[in-house]
Amino acid sequence: MKTHKLNKLSDIDWTTWKPVDLATLLFVLRGDEVLLIRKKRGLGAGLINGPGGRLDPGETPREAAIREVQEELAVTPHAPRWLGEHRFQFRDGYSLYVHVFTSDSFEGEATETDEAVPLWVHRDAMPYDEMWVDDRHWLPLLLAGQRFSGHYIFDEQVMVDMHIHVLGSTEPDGDVGVRRLAVDVQST
Ligand code: 6OG
């Protein structure tokens, strides 16, 4: 695919689109607060985000989501709930499929690590100016408990086009087909 000329979502055949990597984001919720991180390294270093990262070989998205929170914040989230998915296509050719989870309970005290600084933030005060630009479009859905499916084109950190579909209550969770998708991932 010639990715440098991508201007709109319809320039991509999403039915055959394959991500280079699979990753996760997991938002731990505690009353009116959300556990975020200031990311120290990796894609989006310097930005505020939910904890998460790329899947290790053989891992399910849920397993990876839990492991990433443990590694980044020394916290173990319980019973992650699948809330949505993102398909990010970058103009430089990179692409990423992200599973998004929430968790209402956890063990441990959020602690700074080599990878991240923890931030407990009130749900009405999300620091969107310091987050990826897509977050302001779907975090309100997540905080309202609505499931979503997003498609995006990015040029580095600039969003070129996007569409977010709110999933109905009868649509299956995206992680049902995850094993298949994991097998389909492009080798790099
Ligand atoms: P590592 O480099 O840490 O995995 N990520 C994004 N998160 C948001 N909110 N918006 C984006 O818009 C993102 N692109 C990537 C997913 C990458 C981590 O970065 C997140 C993963 O948690 C483009 O291994």
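The analysis underlying the following values was restricted to heavy atoms, covering all of them including side chains, and did not include hydrogens, waters or symmetry mates. Here, residue 1 is the first one in the sequence, and each next residue gets the next number. Source: prediction; values computed, not measured. Note that ligands are numbered from 1 as they come in the structure, with each ligand's atoms numbered from 1 the same way.
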Leu43 and ligand 1 - part of the residue with a heavy-atom distance under 4.0 Å: both
Sub-4.0 Å heavy-atom approach of Gln157 to ligand 1: no
Stepwise side-chain hydrogen bond (donor to acceptor under 3.5 Å, both in side chains) check, Thr76 with Glu107: CA-CA 5 Å; Thr76 300; Glu107 235 173 272; 5.7 Å; no
Lys39: numbered ligand 1 atoms lying under 4.0 Å from its heavy atoms: 1 (P), 2 (O), 3 (O), 4 (O), 17 (C), 18 (C), 19 (O)
Side chain, backbone, both or neither: the part of Tyr97 lying under 4.0 Å from ligand 1 by heavy atom: neither
Beyond-backbone contact of Phe101 with Ile66, side-chain heavy atoms, under 4.5 angstrom: no
Phe154 neighbourhood, listing ligand 1 atoms whose heavy-atom distance to it stays under 4.0 Å: 12 (O), 23 (C)
Closest protein heavy atom (residue, atom, distance) for atom 24 (O) of ligand 1: Arg54 NE, 3.0 Å
Trp120 six-ring face occupied by Arg30 cation (under 6.0 Å, within 45°): yes
Gly52 neighbourhood, listing ligand 1 atoms whose heavy-atom distance to it stays under 4.0 Å: 3 (O), 22 (O)
Ligand 1 contact by Tyr152, heavy-atom criterion under 4.0 angstrom: no
Distance-only side-chain donor-acceptor flag, His151 / Trp14, under 3.5 Å: no
Distance from atom 8 (C) of ligand 1 to nearest protein heavy atom, with residue and atom: Trp132 CD1, 3.4 Å
For atom 21 (C) of ligand 1, closest protein heavy-atom neighbour: Thr24 O, 3.6 Å
Within-cut-off N or O pair, Glu72 and ligand 1, under 3.5 Å: no
Ligand 1 to Gly53 polar contact by distance, N or O atoms, under 3.5 Å: yes
Asp134, any N or O under 3.5 Å of ligand 1 N or O: yes
Protein contact of atom 15 (C) of ligand 1 - nearest heavy atom, named by residue and atom, plus distance: Leu96 CD2, 3.5 Å
Per-atom contacts of ligand 1 with Phe90, taking only distances under 4.0 Å to non-hydrogen atoms: 23 (C)
Whether Phe148 and Trp138 hold their rings parallel, tilted or perpendicular, with breakpoints at 30° and 60°: tilted
Shared hydrophobic cluster, Val117 / Val34 (ILVMFWY, side-chain heavy atoms < 4.5 Å): no
Numbered atoms and elements of ligand 1 in range of Gly42, under 4.0 angstrom, heavy atoms: 2 (O)
Tyr128 side chain reached by Pro140 side chain, heavy atoms, under 4.5 Å: yes
Val133 and ligand 1 - part of the residue with a heavy-atom distance under 4.0 Å: neither
Pairing of Arg81 and Asp104 as salt bridge, 4.0 angstrom limit: no
Test item: side-chain donor near acceptor, Ser149 and Glu85, under 3.5 Å: yes
N or O pair under 3.5 Å between Leu25 and ligand 1: no
Distance-only donor-acceptor check, side chains Asp13 and Trp17, under 3.5 Å: no
Test: Arg54 and Asp21 ion pair at under 4.0 Å: yes
Trp138 near ligand 1 by a heavy-atom separation under 4.0 Å: yes
Among Asn49, Val98, Leu22, Asp135, closest by any non-hydrogen atom to atom 20 (C) of ligand 1: Asn49
Ring centre gap for Tyr97 and His86 strictly below 6.0 Å: no
